[in-house]
Amino acid sequence: MTVDEVERMVTVCRNAKVCFDEGVMWYHHPRAAKMQRVVASGRLGQIRRVTSAFSFPWQSTVKPEDEYRLRAEEGGGSLMDLGWYCIGAALWVFGSLPESVQGRQTPAAPEADESFSGWLHFSEHQEAFFDCSRTMTSRRWIEIAGTEGSLVCDDFTRPWKEDKCRFWVHDAQGNAEVVESATDNQETCMIENFSQRVLSGEIDPEQGKRALQTQRVVEALQLSARDRQPVDLQS
């Protein structure tokens with residue numbers, strides 16, 4: 001739930017020479033690798049902006065008193081539950097921490113947020129925007145926009161249909177190409193990838209870095225929403 005806890009977990013794993021992994025499944029799907037190759041190829045030009053959204057409404061049968069995701073003291077709220085994926089996606093694209101962030105949540109802190117909107121400023125020409133919510137219809141899309149084109153995926157955290165994994169690449173004239181991916185189950189991909197790391201015996205010195213960076217951004221956004229002002233991550 002905190003940067004300190006993540007640092008302690010990663011350090012303990014590193015000292016014990018065991019694998020640590022963040023339990024985010026979509027990173028391990030073959031589609032994510034294809035998306036990353038498109039970004040790295042330069043086809044989109046210089047990446048300027050990542051925009052994402054992740055939301056789905058509570059079921060009417062959910063009792064608030066039984067749901068930890070509605071209790072701030074247990075890590076509840078849309079930012080920790082859903083916004084984590086949007087923040088992680090921006091870090092995945094840009095490969096670094098933002099310089100500053102600004103966040104706004106509903107309801108206002110210190111209650112667990114039902115909805116959260118965030119702005120991440122990486123440099124003069126790179127930024128990310130996201131919104132997450134437990135009170136909107138189901139959405140899980142991302143757009144990676146560059147100077148020459150854009151990549152759009154309307155279900156990046158989990159395919160709407162497991163047998164239909166794809167995304168779109170748009171050029172500057174509006175021409176769109178559908179890029180299809182293998183239809184592997186992403187839970188299986190994550191477990192297999194983690195198992196291979198365990199079996200190899202090779203401990204990546206960078207393991208846990210993205211999880212730690214994501215948590216740092218989460219805490220900065222929480223502080224920003226509470227104080228209603230931007231928070232600098234470079235100081």
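Values below: every heavy atom of this structure, side chains too, minus hydrogens, waters and symmetry copies.
- Pairs of residues two or more places apart, or lying in two chains, that qualify as salt bridge (charged side-chain N to carboxylate O under 4.0 Å, His left out) and include a residue from residues 8-30 are D4-R8, D21-R197.
- The two atoms that bring S224 and G103 nearest to each other are OG-N, 2.9 Å, heavy atoms only.
- One hydrophobic cluster holds both M1 and L82 under the rule that ILVMFWY side chains link at heavy-atom gaps under 4.5 Å.
- R139 is linked by a side-chain hydrogen bond (donor to acceptor under 3.5 Å, both in side chains) to S55, D131, counting only residues two or more places apart in sequence or in another chain.
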Exercise. Should L79 and Q105 be marked as a side chain to side chain contact (heavy atoms under 4.5 Å, CB included) after you check the CA-CA gap, both sets of side-chain angles, and the distance that decides it?
Worked result: CA-CA 9 Å; L79 177 63; Q105 72 176 49; 5.9 Å; no
Exercise. Does the pair F130 and L221 meet the rule for a side chain to side chain contact (heavy atoms under 4.5 Å, CB included), with working shown?
Worked result: CA-CA 12 Å; F130 76 90; L221 284 165; 3.8 Å; yes
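- Under the side-chain hydrogen bond (donor to acceptor under 3.5 Å, both in side chains) criterion, W92 pairs with no residue at all, not counting sequence neighbours.
- Atoms CE and CG, on M190 and N185 in that order, are 9.5 Å from each other to the nearest 0.5 Å.
- Side-chain atoms of D232 come within 3.5 Å of backbone atoms of Q234 as a donor-acceptor pair (strictly under, hydrogens ignored).
- From M80, atom CE reaches atom CD1 of I87 across 10.0 Å, with rounding to the nearest 0.5 Å.
- Between F156 and W26, the distance from one ring center to the other falls under 6.0 angstrom.
- Residues R31 and D155 form a side-chain contact, since some pair of their non-hydrogen atoms from C-beta on lies under 4.5 Å apart.
- Hydrophobic clustering (side-chain heavy atoms under 4.5 Å, transitive across Ile, Leu, Val, Met, Phe, Trp, Tyr) keeps W141 apart from F129.
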For this session: Start with the C-alpha gap between W84 and V218, add the side-chain angles, then the distance that decides, and say whether side chain to side chain contact (heavy atoms under 4.5 Å, CB included) holds.
Result: CA-CA 7 Å; W84 180 278; V218 165; 3.9 Å; yes
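- Grouping the Ile, Leu, Val, Met, Phe, Trp and Tyr side chains by contacts below 4.5 angstrom, directly or via other members, places M25 apart from L91.
- With sequence neighbours excluded, the residues satisfying salt bridge (Lys or Arg N to Asp or Glu O under 4.0 Å) with D154 are R166.
- L223 and V217 end up in the same hydrophobic cluster when Ile, Leu, Val, Met, Phe, Trp and Tyr side chains are linked at under 4.5 Å.
- Applying the side-chain hydrogen bond (donor to acceptor under 3.5 Å, both in side chains) definition to pairs two or more places apart or across chains, those involving residues 37-48 are R43-E177, Q46-R48.
- The side-chain heavy atoms of V152 and E143, taken from C-beta on, include a pair separated by under 4.5 Å.
- Residue pairs meeting the salt bridge (charged side-chain N to carboxylate O under 4.0 Å, His left out) criterion with at least one member in residues 74-91, sequence neighbours excluded, are R69-D81, R71-E74, D81-R134.
- Counted within 6.0 Å of CD on E180, heavy atoms from surrounding residues, nucleotides or ligands total 12 or fewer; the atom is thus considered open.
- Contact check for V179 versus K34: side-chain heavy atoms found under the 4.5 Å cut-off.
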For this session: Go through E187 and E192 one step at a time and tell me if the side chain to side chain contact (heavy atoms under 4.5 Å, CB included) criterion holds.
Result: CA-CA 9 Å; E187 286 89 348; E192 287 181 344; over 6 Å; no
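- Counting only residues at least two apart or in different chains, ring pair (Phe, Tyr, Trp, His ring centres under 6.0 Å) contacts with residues 163-206 are absent.
- Geometrically, R210 engages Y27 in a cation-pi contact defined by less than 6.0 Å to the ring centre and at most 45° from the axis.
- Both L97 and V50 sit in one connected hydrophobic cluster of ILVMFWY residues. Membership requires side-chain heavy atoms under 4.5 Å apart, directly or through other members.
- Here V6 sits in one hydrophobic cluster together with V3, M9, V10, F20, L212; the rule is ILVMFWY side chains under 4.5 Å apart, joined directly or through other members.
- Distance check: C19 SG to L199 CG gives 9.0 Å after rounding to the nearest 0.5 Å.
- Using a 4.5 Å cut-off on side-chain heavy atoms (C-beta onward), K164 and P159 make no contact.
- By the side-chain contact (heavy atoms from CB on, under 4.5 Å) test, P30 pairs with S181, A182, D184, C189, sequence neighbours left out.
- With a 6.0 Å radius and a threshold of 12 heavy atoms from other residues, nucleotides or ligands, E202 has its CD atom at or below the threshold.
- In this structure, CD on Q186 lies 7.5 Å from CD on E162, to the nearest 0.5 angstrom.
- With values rounded to the nearest 0.5 angstrom, T106 atom OG1 is found 8.5 Å from D113 atom CG.
- With sequence neighbours excluded, the residues forming a side-chain hydrogen bond (donor to acceptor under 3.5 Å, both in side chains) with T135 are S115, S133, listed by chain and number.
- Remark: R140 CZ to C153 SG distance equals 10.0 Å, nearest 0.5 Å.
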Return a table of donor-acceptor pairs under 3.5 angstrom between the side chains of residues 119-126 and protein atoms on other chains or two or more places apart.
| from | atom 1 | to | atom 2 | distance (Å) |
| --- | --- | --- | --- | --- |
| W119 | NE1 | E127 | OE1 | 3.1 |
| H121 | ND1 | S123 | O | 3.3 |
| H121 | NE2 | S123 | O | 3.2 |
| S123 | OG | H125 | N | 3.4 |
| S123 | OG | Q126 | N | 3.4 |
| Q126 | NE2 | I47 | O | 3.3 |

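- Minimum interatomic distance between A220 and V101 (heavy atoms only, all atoms of both residues): CB-CG2, 3.6 Å.
- Although no hydrogens or angles enter the test, the distance criterion places no donor-acceptor pair under 3.5 Å between the side chain of Q215 and the main chain of E7.
- For the pair M35/I142, a side-chain contact is recorded, criterion being any heavy-atom separation below 4.5 Å from C-beta on.
- Residues passing the side-chain hydrogen bond (donor to acceptor under 3.5 Å, both in side chains) test with D171 are N175, sequence neighbours excluded.
- Shown here for F116 and S78, the closest heavy-atom pair between the two residues is N-OG, 3.5 Å.
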